[in-house]
Amino acid sequence: MASIFTKIIQGQIPAHVVAENDRFIAFLDINPLAKGHTLVIPKKEIDYIFDLEDELLADLMLFAKKVGKKIQKVVPCNRIGVSVIGLEVPHAHIHLIPINGINDMNFAKPKLNLSKEEMAEITQQIKKA
Ligand code: 5GP
């Protein structure tokens, strides 16, 4: 069965897409730890990130770098935290999270409740950056 992220790629499930090319896509996390929390994924559905072939993994990270720099331009923060968890969705993804301190990377924290409008606005800002 297709992963929820493959359904997003195929347009079956809506998402706030901030960047996309033929091999990768980046969209806002639906339950963000911070405003601008973004997931970067390969379109090829592979569960575990270290099962990606070397070139795809390297290019995924370079794509994430570009997206992370855009997020940093529009979300005030010290830097963009980069994390891979993968316990919930079996489709490799990198979390990009605007952070000011170590506690901002705590995935056990309650998530933000951003409105659709706020999510749409930050999406537009990141896309334009
Ligand atoms: P992980 O697999 O890295 O533990 O967590 C998966 C992440 O994907 C979570 O942060 C969760 O909020 C996010 N997520 C799960 N389902 C969806 C979805 O349908 N849309 C979006 N945009 N994010 C999702």
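Numbers for residues simply follow the sequence, beginning at 1. All ligand and atom numbering here is 1-based and tracks the order in the structure.
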> More than 12 heavy atoms of other residues, nucleotides or ligands under 6.0 Å from CG of Asn113: is that the case?
Replying inline: no
> Any sub-3.5 Å donor-acceptor pair from Asn78's side-chain atoms to Ile99's backbone N or O?
Replying inline: no
>> Taking atom NZ as the centre, does Lys111 end up with more than 12 heavy-atom neighbours from other residues, nucleotides or ligands that are less than 6.0 angstrom away?
In response: yes
>> Heavy atoms only, cut-off 4.0 Å: how does Asn31 contact ligand 1, side chain, backbone, both, or neither?
In response: both
> Which pair of heavy atoms, one from His93 and one from Leu39, lies closest together, and at what distance?
Replying inline: CD2-CD2, 4.1 Å
> Hey, is CG on Asp54 packed in by over 12 heavy atoms from elsewhere, all under 6.0 Å?
Replying inline: no
> Any idea which part of His95 is under 4.0 Å from ligand 1, heavy-atom wise: side chain, backbone, both or neither?
Replying inline: side chain
> Distance-only, no hydrogens or angles: does the Lys43 side chain make a donor-acceptor pair with backbone N or O of Asn21 under 3.5 Å?
Replying inline: yes
> Got the closest protein heavy atom to atom 14 (N) of ligand 1, with its distance?
Replying inline: Ile30 CG2, 3.9 Å
> Hey, does Gly86 come in under 3.5 Å of ligand 1, counting only N/O atoms on both sides?
Replying inline: yes
> Are any of the side-chain heavy atoms of Arg23 and Pro42 separated by less than 4.5 Å?
Replying inline: no
> Quick one: does Phe27 get an N or O within less than 3.5 Å of an N or O on ligand 1?
Replying inline: no
>> Can you tell me which portion of Phe5 lies within the under-4.0 Å heavy-atom range of ligand 1? Options are side chain, backbone, both, or neither.
In response: side chain
> Can you check whether Glu88 has an N/O within less than 3.5 Å of an N/O in ligand 1?
Replying inline: yes
>> Just to be sure I'm reading this right: ignoring hydrogens, which of Asp29, Ile97, Ile13 gets closest to atom 12 (O) of ligand 1? Compare them by their nearest heavy atoms.
In response: Asp29
> Can you get from Val89 to Val18 by hopping between Ile, Leu, Val, Met, Phe, Trp and Tyr side chains that sit under 4.5 Å apart?
Replying inline: no
> Relative to the heavy atoms of Ile4, which atoms of ligand 1 are at a distance of less than 4.0 Å?
Replying inline: 19 (O)
> What are the two closest heavy atoms between Ser83 and Met105, and how far apart are they?
Replying inline: CB-CE, 3.6 Å
> Does ligand 1 have a heavy atom under 4.0 Å from the side chain of His93, from its backbone, from both, or from neither?
Replying inline: side chain
> Any nitrogen or oxygen of Leu39, main chain or side chain, under 3.5 Å from a nitrogen or oxygen of ligand 1?
Replying inline: no
> Which one holds for Ile8 and ligand 1: side chain close, backbone close, both close, or neither close, with close meaning a heavy atom under 4.0 Å?
Replying inline: side chain
>> What I want to know is whether Leu28 and ligand 1 share at least one N or O pair that is separated by under 3.5 angstrom.
In response: yes
